[in-house]
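This report concerns only the one structure given below.
Bear in mind that the values here come from a model prediction, so they are computed numbers and not experimental data. Numbered from 1 within each chain, the chains take letters A, B, ... in sequence-line order.
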Number of protein chains: 2
Amino acid sequence: MDATQMTDDVGGSPARPTRRERARAATIDEIKETALRIMHEQGRTDLKFSEIAREMGMTAPALYRYFNDRDELLTAMIVDAYDDLGNKVAQAREAVDPDDLPGRFYAVAAAYRAWANREPERFALIFGLPLPGYVAPEEGPTTEAAQRAMMQLKAMFLDAGQRGELRSPMITHVDKALHKPAKDEDEVMTPAGAGPLPPEFFQACLTSWSMLHGFISLETYGHFGFIGPEGSDALFNTVVQLTALTSGYPWPADGDS
Amino acid sequence: MDATQMTDDVGGSPARPTRRERARAATIDEIKETALRIMHEQGRTDLKFSEIAREMGMTAPALYRYFNDRDELLTAMIVDAYDDLGNKVAQAREAVDPDDLPGRFYAVAAAYRAWANREPERFALIFGLPLPGYVAPEEGPTTEAAQRAMMQLKAMFLDAGQRGELRSPMITHVDKALHKPAKDEDEVMTPAGAGPLPPEFFQACLTSWSMLHGFISLETYGHFGFIGPEGSDALFNTVVQLTALTSGYPWPADGDS
DNA sequence: GCGAATAGTAATGATGCATAACCAACGTGA
DNA sequence: TCACGTTGGTTATGCATCATTACTATTCGC
């Protein structure tokens, strides 16, 4: 029934994706790539079936074979965006010596920033005002994808915690409401084999996200244009530093980068 | 020529706005109010002349008498949004005892937050991805309005500085690029009769903005839904506290609110 | 009151989404 | 190898919306 789910259908033959399935998957990828390209070219986050089809040398109704409606395609685009962001961040983190915790923290922040600056439309797609008609499917794939991406930050704190490198976060109160995230979500967000993250560091995780996200968001949309690129870089370094220091994450005594 | 500027036109008859001018100004206000209402009702930041007109009991082409094109109306909406935000923040600040600096800081942050939560569309309009076709007029009114709003934060630091209440911000490097914002902008952003803000506090001003903005942006777009309203409040308090502490702004030793 | 500027309407053309009906191609099984 | 069913695609249709042109009515100011 659901066209988009036929590709990764379970039960069938996991070893051998049939020829048709491969062709279908390729077309789906091409649709998404085309949609993404149009988003970049035009600086918008909404999509027009007719335009995508035209760009692909197809006709609009054909796309309905692959996505039942606009929202389904949008959902796929959002999930892809979250996953791409998460992958880029994870990749950046793992490219740094595991013992260099500050380096990993900086790499994660820098990857987040670079991704946003490189793809403002995708950034807006997942972190901006939801598109007019769009309603995210309840408890659906977008939420899960968001949690996967968010987990990258949490994993970093967990890792530092397991190495006993976390200092106490710079906060006076740890609020009860933040002690326990919903259980099922916690399962998703906690990497296998890791103990639970102490509540104060979960809170630190969220404040870190906020701080980094604020700079990145303002920069991405051009609100720091008046301080120039060098100013932006300097400000970013400062924000990263403050984020690490306040969250209890290891940071060199006078390190600037 | 420029329809939107006829209302606050200088030079003309300052004492006596003619009947036509008054009617015209009223209509312009109604257009903007209607546009804003539609934005709220539909959760979108773009505008459709036809819809605005219909809502006003008019027809679309009539609006072109007041705004030459969509961009002109958008510019007016953006300026109004910045001004409203700035006013609300200033208002909140001035409602607190001038000697209670932490209270003022919190009030400003809370006003920023409340404004964003109350008007997500306006928030997106000025802090989100620019609308597809729209190009902000160079050196135009939007930039000035943005600076006026931003000045509220700067003024708060200036005031604390004049009272000798500022501690050193928690940063190791003050970057040259941030030392001198462009001169003309500095004129706009510095309230009359105040000495210049030392560079490290200008930097602190920007980091404060980033930190607060990050939380507010994520919360406004529903990314903190999973921690619930109490969790959001707690997180906000923490972020405000961290912002004040890291920026050198006065904050009680163990104050939570 | 008269004329010009201003406000408003009706008609036009273009575009987009979505669906239905129809056609082509491919691959599997007899 | 040939026919049939599944899948992919196009043309045709209905509906809705928006910006603009050309035209009409109103209203102010002298």
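Between A/Leu63 atom CG and C/dA18 atom P there is a gap of 11 Å when expressed in whole angstrom units. A/Phe67 places its CZ atom 19 Å from the C1' atom of C/dT19, with the value rounded to the nearest Å.
Of the candidates D/dT11, C/dG8, D/dG8, the closest approach to any side-chain atom of B/Tyr66 belongs to C/dG8.
The closest side-chain heavy-atom distance from A/Leu63 to A/Ile52 is below 4.5 Å. Using a 4.5 Å heavy-atom threshold, the side chains of A/Trp209 and A/Tyr112 count as touching. A 4.5 Å side-chain heavy-atom check between A/Ile31 and A/Phe67 finds at least one atom pair inside the cut-off.
A donor atom on one side chain and an acceptor atom on the other are found under 3.5 Å apart for B/Asn68 and B/Glu72.
Using the six-membered ring where Trp is involved, A/Phe226 and B/Phe202 have ring planes that are perpendicular, over 60° apart on the 30 and 60° scheme.
Within the structure, the salt bridge (Lys or Arg N to Asp or Glu O under 4.0 Å) test picks out the following pairs touching residues 109-118 of chain B (sequence neighbours left out): B/Arg113-B/Glu219, B/Arg113-B/Asp233. Residue pairs satisfying the ring-ring contact (aromatic ring centres under 6.0 Å, His included) criterion with at least one member in residues 126-150 of chain A, sequence neighbours excluded, are listed as follows: A/Phe123-A/Phe127, A/Phe127-A/His213, A/Phe127-B/His223.
Scanning for side chain to side chain contact (heavy atoms under 4.5 Å, CB included) contacts around B/Lys48 gives B/Arg44, B/Ser50, B/Glu51, with sequence neighbours left out.
Side-chain N/O atoms of A/Arg24 include one lying less than 4.0 angstrom from OP1 or OP2 on D/dG8.
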Please list, pair by pair, any protein nitrogen or oxygen found under 3.5 Å from a nitrogen or oxygen in nucleotides 20-23 of chain D.
| from | atom 1 | to | atom 2 | distance (Å) |
| --- | --- | --- | --- | --- |
| D/dT20 | OP2 | B/Tyr64 | OH | 2.8 |

Protein-proximity profile, nucleotides 13-18 of chain D, B/S/- by nucleotide at the 4.0 Å heavy-atom cutoff, equals -----S
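Near DNA chain C, meaning a heavy atom under 4.0 Å away, there are no residues from residues 30-46 of chain A.
Aromatic ring centres of A/Tyr64 and A/Phe49 lie closer together than 6.0 Å.
Look at B/Glu33 and B/Arg37 and you find no salt bridge, because none of the NZ, NE, NH1 or NH2 atoms lies under 4.0 Å from a carboxylate O.
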